[in-house]
Amino acid sequence: MTAPEPAPREPLRIGNASGFYGDRADALTEMLTGGPLDVLTGDYLAELTMLILGRDRLKDPARGYARTFLRQLETGLGLARDRGVTLVTNAGGLNPAGLADAVRELSERVGVPARVAHVAGDDLLADRDWGEGVLTANAYLGGAGISACLRAGADVVVTGRVADASLVSGCAAAHFGWADDDWDRLAGAVVAGHVLECGTQATGGNYAFFVRDGIDVRHPGFPLAELAEDGSAVLTKHPGTGGAVTVGTVTAQLLYETAGPRYPGPDVTARLDSVRLSQAGTDRVRIEGVRGEPRPDSLKVGLTRLGGYRNEVTFVLTGLDVPAKADLVREQMEAALSRPGVRRPAQVDWSLARTDRADAAAEEEASALLRLVVRDPEESAVGRAVSGPAIELALASYPGFHVTAPPARGAPYGVFEAAYTEAESVPHVAVLPDGTRRDVSFPAAVPRRQPTGSPDDGPPTGSPDDASQPAPSTEEPPSEVPPPGAPSTRRAPLGLVAGARSGDKGGSANIGVWAYGADPDLYAWLRETLTTDRLRALLPEVRELSVTRHEFRNLAALNFVIDGILGDGVASQHRFDPQAKALGEWLRARHLDIPEVFLP
């Protein structure tokens, strides 16, 4: 007699209470008191955060973790224990053991017993020679350490640098007992984790159509996922909280800081082109159909270092003759920076933002901004050597001379780089609540069960060797579109029919663009019209850069990856919008000839 199949386990209700170091402080309490949860995660780490924590560690080796998490636990720990909610966070940063000790001390002080575990092994700074000036070197670990800690009964799990989505996949694997090669299920958890990781960006925060869709985003609630045993999920939020969960808000977050159809990670390679979204009720979006492929054999390692020093002076040019005024002050400053006996900064960049308008009713609206940014390995070359000559021009330059800020010293800036190392060479250790250290490192030879399927019913295209490689561009040749002024089109902003979300990845950026309402006809037009050449024409700043386009038909979306637009990364403040957060909104503001049938 065949034994009956075991009943499927109840969905795992897993929420998020932090999308970055500095996110809403009361979010942890809001999530714990707003409705039932099994697990509450918090993502505190970003590329810039690791640099900040690295500088903290230089001042005090006992630091290096997100101290705001401890402040949140003052009341949050008791709430979590009362409600039976497990806390899992990467707030450990560069010192997960130190944060775990601090949580134990807090547990004793507030009288709330808690079994605390942590995950170690990601910090590779002393492991090898990463080059001169590297401040931090951390591998992006997967969820295996988190799973081991939870299976050992931990109430609080603290990690260092893990892949953001692994906070969710590690919890799901422990809860459902998934195997290491349950690729589709793991991929579903990774996609849910990617949606959760940036907090309120999944519930209407930073959403392109918040006005058109009437979403109240004054105080959006944080998201949670009801994750099923088969890897599917329903994204939602606690009842009565602000914002909204719609196919549009989830699409926007799915496209955030991604590249091609393959989304490689330390647990699995998720196929983003297999994701299917549907509205399953008010503030409920179902995610299903996610396919997974074997994880790469390499792990990403985030390296940060101090790149040198920078300074900035912004000259305000008001009224008439703006180009002549800009030429004058630029010539004066260039002469000052190149005078005998003065070392010219290694990098000098000028930009003129014509924010002025004719016959303006307000002085600010009549003004343009001329921005001077200098960088150099030595602070002395960018401090008073730059701001001093700028201020000396106050009575000897263009009429109406003034600057936006007083003279400043040079400030250090950072550089982020991505390296890769063999996964089997990276230690991955779960330090359990009783102090036992359990090695969960990536084995040298992982049995790789064939994925159960792949998008479009084709054979699996991923392999351990190519999963970390970007999928080829899916650029399409432009089709014939109606000429400007044709009766069927109207010149209008792209953003009337398409949403966008953009973000940073090292020195590159992405812009995800989707058709409003996932309209298939609108997507077909968008796919034909928004080629890489058209994108370069609309955004002149990227004209000379490498741009790759990827298609996500299930999401009615395109994703553009722009290499090098952010220079050495966010910490270097290479451009006016250093994290490329508004790059997508700039694209939406550009005008195209759009078929009137699509326009509101």
Side-chain angles (χ1 to χ4, degrees), residues 211 309-339 342 344-376 381-411 413 484 491-496 500 502 536-544 565-567 572-592:
V211 174
Y309 296 84
R310 73 183 297 280
N311 202 352
E312 179 177 327
V313 182
T314 302
F315 301 90
V316 182
L317 315 174
T318 304
L320 306 178
D321 303 321
V322 166
K325 291 172 180 175
D327 289 344
L328 172 59
V329 73
R330 179 170 178 168
E331 184 176 344
Q332 290 175 308
M333 283 300 299
E334 287 287 353
L337 296 177
S338 304
R339 64 189 185 277
V342 174
R344 179 183 173 84
Q347 186 175 347
V348 178
D349 295 313
W350 292 90
S351 62
L352 175 62
R354 293 300 303 266
T355 52
D356 56 305
R357 64 180 66 176
D359 196 22
E363 182 179 337
E364 188 171 359
E365 295 176 354
S367 301
L369 300 176
L370 179 64
R371 186 167 173 249
L372 166 64
V373 178
V374 294
R375 293 180 177 82
D376 197 89
V382 299
R384 292 289 303 179
V386 174
S387 57
I391 297 306
E392 290 171 5
L393 295 178
L395 305 180
S397 189
Y398 61 87
F401 180 101
H402 66 287
V403 295
T404 57
R409 298 174 57 187
Y413 71 89
R491 195 78 173 168
L494 176 63
L496 292 182
S502 56
R536 289 189 179 95
L538 293 171
L539 305 182
E541 287 185 27
V542 311
R543 187 169 291 155
E544 304 302 322
I565 190 171
L566 301 181
S572 68
Q573 299 183 54
H574 178 73
R575 62 189 301 272
F576 170 70
D577 174 18
Q579 292 180 280
K581 301 301 185 188
L583 196 60
E585 287 301 292
W586 178 27
L587 176 63
R588 293 181 69 236
R590 297 309 309 267
H591 288 220
L592 289 170

Contact check, side chains of [X] and [Y], non-hydrogen atoms, under 4.5 Å:
X	Y	answer
Leu494	Arg590	no
Leu352	Trp350	no
Lys325	Leu370	no
Ile565	Val542	yes
Arg575	Leu566	yes

Taking atom [atom1] of [X] and atom [atom2] of [Y], what is their separation to the nearest 0.5 Å?
X	Y	atom1	atom2	value
Phe315	Arg330	CZ	CZ	11.5 Å
Ser351	Arg371	OG	CZ	5.5 Å
Phe401	Leu393	CZ	CG	5.0 Å
Glu585	Leu587	CD	CG	9.0 Å
Leu592	Arg491	CG	CZ	6.0 Å
Leu317	Asp356	CG	CG	8.5 Å

Tell me, yes or no, whether the heavy-atom count around [X] atom [atom1], taken from other residues, nucleotides or ligands under 6.0 Å, exceeds 12.
X	atom1	result
Glu334	CD	yes
Glu365	CD	yes
Arg354	CZ	yes

For the residue pair [X] and [Y], what are the closest heavy atoms and their distance?
X	Y	answer
Gly584	Ser502	N-OG, 3.0 Å
His591	Leu538	O-CD2, 4.1 Å
Arg543	Ala537	NH2-O, 4.1 Å
Ala381	Ala385	O-CB, 4.0 Å
Pro493	Ala589	CB-O, 4.2 Å
Pro407	Ile391	CG-CG1, 3.2 Å

Is the backbone of [Y] close enough, under 3.5 Å, to the side chain of [X] for a donor and an acceptor to pair up by distance?
X	Y	answer
Asp577	Ala582	yes
Ser367	Val316	no
Arg310	Tyr413	no
Asn311	Val382	yes

Problem set entry | side-chain hydrogen bond (donor to acceptor under 3.5 Å, both in side chains): pairs with one or both residues in residues 381-407, sequence neighbours excluded |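 Found Gln332-Ser397.
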